[in-house]
There are 2 protein chains.
Amino acid sequence: MTSGASEGTRRSWKQNPEAVQEDILRVAIAVFAESGLSGARIDEIAARTQTSKRMIYYYFGDKMGLYMRALEAAYAKVRAGEDQLDLGTLPPDEALARLVAFTFDHHRSNPDFIRMVMIENIHNAESLAASAVIRNMNVSAIEKLRDICRRGEAEGLFRKGLDPIALHWQISALSFFNVSNRPTFSALFGEAVFSEDGQRALRRQIVDSLLAEVRPKAPGAL
Amino acid sequence: MTSGASEGTRRSWKQNPEAVQEDILRVAIAVFAESGLSGARIDEIAARTQTSKRMIYYYFGDKMGLYMRALEAAYAKVRAGEDQLDLGTLPPDEALARLVAFTFDHHRSNPDFIRMVMIENIHNAESLAASAVIRNMNVSAIEKLRDICRRGEAEGLFRKGLDPIALHWQISALSFFNVSNRPTFSALFGEAVFSEDGQRALRRQIVDSLLAEVRPKAPGAL
DNA sequence: GCAAAATTGTACCAACTGTTACATTAAAGG
DNA sequence: CCTTTAATGTAACAGTTGGTACAATTTTGC
């Protein structure tokens with residue numbers, strides 16, 4: 001709490017509302033992801049912050065308010081990362097391959113987000129359902145896939161009648177489970193699948209599998 | 001404290017330790033699955049039981065002891081259900097198809113078990129790793145797959161070098177996610193995937209996909 | 001039958017934890 | 001400057017909750 005510049009002894013503080021809120025949200029995501037909704041302690045969040053418990057209640061009202069804002073912030077950060085991915089110029093099959101591989105890697109590098117979604121599922125997605133903010137963020141994820149499907153069908157590379165949502169379901173399932181269930185899976189069946197080699201093989205497998213799925217069923221030879 | 005001498009009715013009770021413990025475990029699974037480890041309240045578990053809070057501590061020591069026994073009981077029940085499935089006589093490809101479809105359905109009908117595993121993953125599988133009981137139960141799941149792979153390779157139906165654990169990973173991922181992430185997924189992308197038709201299509205898709213994966217890569221036409 | 005062990009009932013507590021009342025200081029407006 | 005409002009520090013409270021002390025009752029061992 002030492003303000004460095006001129007007068008050191010005077011007990012004073014700078015005001016910086018936005019930085020304070022961001023600080024709180026950053027820590028809140030970490031703690032909620034770590035301990036769950038009921039498991040997370042406001043005192044611990046406060047302790048890991050540059051500010052005090054008082055400010056959490058000042059800005060976020062109560063624990064649920066903080067949780068919802070943290071959930072929204074977690075989604076926002078991850079979706080922003082996803083928007084970095086540009087598939088517009090690639091041919092459909094390469095675009096799909098790249099999207100799958102990217103999703104797999106992206107989930108791996110955002111374990112806190114995965115854990116927030118796990119927690120939200122434990123609570124039946126009540127907070128998520130109540131947040132229009134989050135719902136709007138997720139249409140773009142499907143739009144990407146819908147566009148790929150449309151182009152793939154138009155070029156005859158993909159079979160007709162593909163369901164972008166079902167495809168997204170499959171991609172999400174494999175990429176999500178890979179992070180969410182690592183603790184139990186590796187405890188029961190070993191760490192091999194999660195080694196560098198194992199993960200590389202898995203990602204390749206998933207990409208190939210998805211590509212095979214969208215290709216038109218060849219009646220004769222290829 | 002004082003003897004309840006008011007009414008002459010003698011208060012008496014039957015002893016039935018095993019039934020009491022089973023009752024407690026049954027309720028504990030439900031409540032832990034519903035509210036998580038920190039979210040679950042011993043008082044609520046006791047209230048939904050035929051017995052009292054006192055007995056929970058008498059038989060299970062503390063909350064963590066109860067949680068671990070509940071986790072073991074949940075695993076035991078589900079694995080017992082899986083052992084009903086007999087694949088010994090089927091040809092390998094049909095056996096695999098049946099195993100995948102069965103797993104998909106079995107997970108759907110055991111949401112409490114899925115939620116217990118979710119909770120365990122949130123807590124980094126610490127209780128699961130500490131339970132030799134559970135670890136022993138899960139070898140058979142892999143053995144089934146290993147046997148199918150062995151037979152499939154021997155008959156030339158499957159390609160060589162299949163990894164039973166990686167296969168199990170894929171089957172689990174899709175079947176698990178289907179239950180675990182239904183709340184968030186349907187909140188964001190609609191319920192269609194989880195309708196009867198949607199689930200049938202999904203299961204078919206998964207089975208086909210896995211079968212295609214294990215088949216030898218045809219160099220020429222089929 | 002009887003003492004010891006096992007099982008259950010009742011009431012209670014100590015600690016934790018979300019939340020708030022009150023006081024104080026920094027910025028904004030005029 | 002001075003008033004008002006926004007932002008922060010300090011400390012405590014009230015409800016909850018895991019856990020227990022003590023007693024009563026049933027079963028078991030002999």
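Here is the naming used below: chain letters follow the sequence lines, and residue numbers restart at 1 for every chain. All figures in this text were calculated on a predicted structure; none of them were measured in a lab.
Put simply, CG on B:Asp62 is 14 Å from C1' on D:dT17, counting in whole angstrom units. Rounded to a whole Å, the CG atom of B:Asp43 is 6 Å from the P atom of D:dG18. Taking atom OH on A:Tyr57 and atom C1' on D:dA6, their separation rounds to 21 Å, with Å as the unit. Between the OH atom of B:Tyr58 and the P atom of C:dT10 there is a distance of 17 Å, rounded to whole Å.
Interface residues of residues 18-40 of chain A facing DNA chain D, ordered by number: A:Val20; criterion, heavy-atom separation under 4.0 Å. Interface residues of residues 44-56 of chain B facing DNA chain C, ordered by number: B:Ser52, B:Arg54, B:Met55; criterion, heavy-atom separation under 4.0 Å.
When only modelled atom types and interatomic distance are considered, A:Glu213 and B:Ser209 share no side-chain donor-acceptor pair under 3.5 Å. Side-chain polar atoms of B:Ser175 and B:Thr103 form no donor-acceptor pair below 3.5 angstrom. Judged purely by distance below 3.5 Å, without hydrogens or angles, the side chains of B:Asn121 and A:Ser180 never pair a donor atom with an acceptor atom.
Every residue two or more places apart in sequence or in another chain that forms a ring-ring contact (aromatic ring centres under 6.0 Å, His included) with B:Phe177 is listed here: A:Trp169, A:Phe176. Legend: residues meeting ring-ring contact (aromatic ring centres under 6.0 Å, His included) with B:Phe102, ordered by chain and number and at least two apart, are B:His106. Among residues two or more places apart in sequence or in another chain, the salt bridge (charged side-chain N to carboxylate O under 4.0 Å, His left out) test is passed with A:Asp208 by none. Residues satisfying the salt bridge (charged side-chain N to carboxylate O under 4.0 Å, His left out) test with A:Arg79, not counting sequence neighbours, are A:Glu82.
Across all strands shown, B:Tyr59 has heavy atoms under 4.0 Å from sugar-phosphate atoms exclusively, and none from any base.
Between C:dG18, C:dA6, D:dG18, one nucleotide has an atom nearer to the side chain of B:Arg41 than all others, and that is D:dG18.
Without hydrogens or angle criteria, A:Lys63 side chain to A:Ala40 main chain gives a donor-acceptor distance under 3.5 Å.
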